[in-house]
There are 2 protein chains.
Amino acid sequence: MANIRDIAKMAGVSVTTVSRVINNHPYVTEEKRKAVQEVMNSVDYQVNRTAVNLSQGSSKLIGVVVPFAKHPYFGLLIEGITDQAAEHQYHVLLIQTKYNLEREQEALDMLKHKQIDGLIICSHKMDLSVIESYSRYGKIVVCENAAGNQNVDSVFVDHYQSFNNALNYLHQKNYQRIGYCIGRNSGSNSYFRHRAYQDFLEQHPQQSFVFDNYYYFEDGQTIVEEIIDLKSKPDALLVTSDVVAAGILTACNQAGIKVPDDLAIIGFDNQPIAKMMGLTSFEIPHTTMGMKLFQHVSNQSAAQHEQLPIKLIERNTV
Amino acid sequence: MANIRDIAKMAGVSVTTVSRVINNHPYVTEEKRKAVQEVMNSVDYQVNRTAVNLSQGSSKLIGVVVPFAKHPYFGLLIEGITDQAAEHQYHVLLIQTKYNLEREQEALDMLKHKQIDGLIICSHKMDLSVIESYSRYGKIVVCENAAGNQNVDSVFVDHYQSFNNALNYLHQKNYQRIGYCIGRNSGSNSYFRHRAYQDFLEQHPQQSFVFDNYYYFEDGQTIVEEIIDLKSKPDALLVTSDVVAAGILTACNQAGIKVPDDLAIIGFDNQPIAKMMGLTSFEIPHTTMGMKLFQHVSNQSAAQHEQLPIKLIERNTV
């Protein structure tokens with residue numbers, strides 16, 4: 001294959017001129033530009049875009065760390081991120097970790113080794129302090145409350161406040177045995193939710209009900225089976241994903257458990273499934289969050305933190 | 001930041017030796033390797049991995065084209081692909097197209113410009129003949145029956161056969177007004193399904209019922225509302241996604257339509273939601289398909305085609 005020197009020779013110009021044409025540099029006469037392009041076309045010369053980006057000090061790639069690509073919550077974030085990335089001529093390098101520390105380390109190493117320009121971490125197992133130490137190699141944005149952190153950006157909703165609001169809303173409606181369902185019980189977002197739950201229990205003593213490690217619609221059945229087996233049952237559930245909440249509602253209908261009379265349900269996210277099923281849900285703007293995540297990772301200024309508003313959508317399950 | 005020449009000078013070795021240490025080349029004495037590594041550590045020299053891959057003629061990146069990242073069908077494929085990619089030290093560059101031709105062209109251009117080593121196209125709007133013409137720049141794998149094609153690999157299930165089986169199964173169970181629901185009605189997979197439907201209608205004349213442009217659980221409600229408004233209604237539906245089938249079943253329950261007495265439903269995929277909802281479904285091994293897609297894209301041999309088996313799982317909706 002012809003290289004840049006061959007092209008220069010065939011077009012009767014210098015290597016610098018060919019390089020300028022490839023990189024859309026302004027200081028090239030129209031005549032020389034045309035000559036170079038004709039030669040490039042005639043030999044079907046393909047610009048190695050990676051080499052061009054490299055010479056410009058940018059990979060035009062943003063790394064995105066998600067634990068599970070198939071989960072709709074992360075799907076919505078990925079959609080928002082890729083939409084914005086495409087608009088700004090960036091591409092998304094997806095790193096699926098399944099909360100495996102080695103995979104998370106790989107993502108950080110890619111930033112260190114300049115394979116990506118920046119890194120969005122949607123959820124992680126690794127300690128944030130370790131992640132922070134890589135911020136000198138490029139911008140890092142996390143999806144959790146890192147306000148005040150000088151090293152990483154964050155885009156988040158206040159999970160303490162939202163849980164606190166939901167718990168008090170159920171309390172005012174006279175529910176007295178409130179539990180919650182969550183994906184995993186580690187991580188910063190889960191920490192703030194659990195703290196809100198514990199603070200609520202201190203003010204309004206009741207038995208604690210926590211169901212964890214639930215991610216999908218079909219998990220609703222397992223949760224309802226667990227509840228049926230309990231001697232002392234919750235009368236209301238906060239469910240941190242609408243998809244799981246819809247699964248619980250369906251399993252309740254199948255088992256003859258009346259919602260909200262026997263069990264009230266509040267979902268989170270206000271995804272379209274919540275509207276269809278008549279689920280009361282906290283609206284969290286995930287696609288917007290994805291777009292903001294990209295805006296932060298592509299912004300070279302000092303670490304900034306952005307909290308997104310959420311709101312309760314009342315329907316038929318409370 | 002120190003460059004490779006600085007490192008060589010500080011370690012008292014040649015630039016070639018430093019380069020060999022970075023690239024794990026065998027012909028370096030242990031003494032020199034140690035000297036170079038000590039200097040690199042002392043100045044915190046970061047290898048630009050992109051430059052190393054470039055010099056080795058590989059980006060270690062596989063492009064994956066999906067129309068929608070948030071759809072569980074594509075989520076399962078992405079999961080299978082990224083799992084295999086990680087095992088082989090590859091990463092996945094995600095290109096979300098929303099069936100936009102410009103985005104599909106971008107993916108092909110990335111292959112042409114060597115930003116990716118190969119390309120997996122999970123679904124596309126562009127004509128396959130255009131896609132084929134890019135196969136001289138790197139391996140391309142599609143998720144549709146391209147058997148016999150010399151330019152692109154394919155991993156697929158036989159959608160004609162599966163639709164034909166499902167239609168005859170319903171016919172044997174005495175359903176006489178069978179319709180189907182599908183995501184979009186263009187594309188090769190949709191073409192084979194529609195042809196099977198038309199061939200069936202020729203053998204067993206009945207009214208045609210096609211509901212298209214439905215992707216998500218909540219779309220089930222719209223479909224059921226459409227059916228309620230029809231004077232002449234179908235008595236059975238093939239639904240090309242379990243998630244949509246589960247939405248239809250839920251909307252039927254809400255509207256007092258008895259399944260399968262008033263309306264039989266067969267889903268496709270046999271996702272966990274099908275098991276929970278008692279949906280009869282054709283099992284399509286999507287995660288396996290994702291893994292196979294990666295195996296094909298990373299294999300440098302001539303174009304190969306692989307058909308995956310599917311099977312009917314009988315439950316309560318027929």
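What you see is a predicted model; the values in this text were computed from it and never measured. Letters A, B, ... are given to chains in the order of the sequence lines, protein chains preceding strands, and every chain is numbered from 1. Note that these values count all heavy atoms, side chains included, but never hydrogens, waters or copies made by symmetry.
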Output for pair (A/L77 CG, A/C143 SG), nearest 0.5 Å, gives 5.0 Å
Evaluate the side-chain proximity of A/L119 to A/V65: yes if any heavy-atom separation is below 4.5 Å, no if none is. yes
Part of A/L61 lying under 4.5 Å from any heavy atom of chain B: side chain
For a quick check under 3.5 Å, do A/E102 and A/N100 share a side-chain donor-acceptor pair by atom type? no
Short side-chain donor-acceptor distance under 3.5 Å, A/Y214 and A/E226: yes
Quick one: pull up CE in B/M110 and CD in B/Q115 and give me the separation to the nearest 0.5 Å. 4.0 Å
How many angstroms lie between SG in A/C122 and CD1 in A/I95, if you round to the nearest 0.5 Å? 10.0 Å
Please name the residue in the list A/N213, A/V239, A/D219 that meets the side-chain contact (heavy atoms from CB on, under 4.5 Å) test with A/C181. A/V239
Report the residues that fulfil side chain to side chain contact (heavy atoms under 4.5 Å, CB included) with B/E106, sequence neighbours left out, ordered by chain and then residue number. A/H91, B/R103
Out of A/D83, A/N253, A/L76, which one racks up the most heavy-atom pairs below 4.5 Å with chain B? A/D83
Parallel, tilted or perpendicular: which describes the rings of A/H71 and A/F74, with under 30° parallel and over 60° perpendicular? perpendicular
Given side chains that start at C-beta, do those of A/E283 and A/F268 come closer than 4.5 Å, heavy atoms only? no
Under 4.5 Å from a heavy atom of chain B, the part of A/K275 involved: neither
Do you know which of B/A274, B/P272, B/A85 has the most heavy-atom pairs with chain A at a distance under 4.5 angstrom? B/P272
d(A/Q84 CD, A/H88 NE2) to nearest 0.5 Å is 5.5 Å
Using a 4.5 Å heavy-atom cutoff, which residues in residues 284-294 of chain A come close to chain B? none
Tabulate, in ascending numerical order, the residues of residues 240-252 of chain B having at least one heavy atom closer than 4.5 Å to a heavy atom of chain A, or enter 'none'. B/G247, B/T250, B/A251
Does any backbone or side-chain atom of A/Y73 lie under 4.5 Å from a heavy atom of chain B? Answer side chain, backbone, both or neither. neither
Among the options A/G63, A/A69, A/G278, pick out the one with the most heavy-atom pairs lying under 4.5 Å from chain B. A/A69
Does B/F68 have any ring pair (Phe, Tyr, Trp, His ring centres under 6.0 Å) partners at least two apart in sequence or in another chain, and if so, which? B/Y99, B/Y215
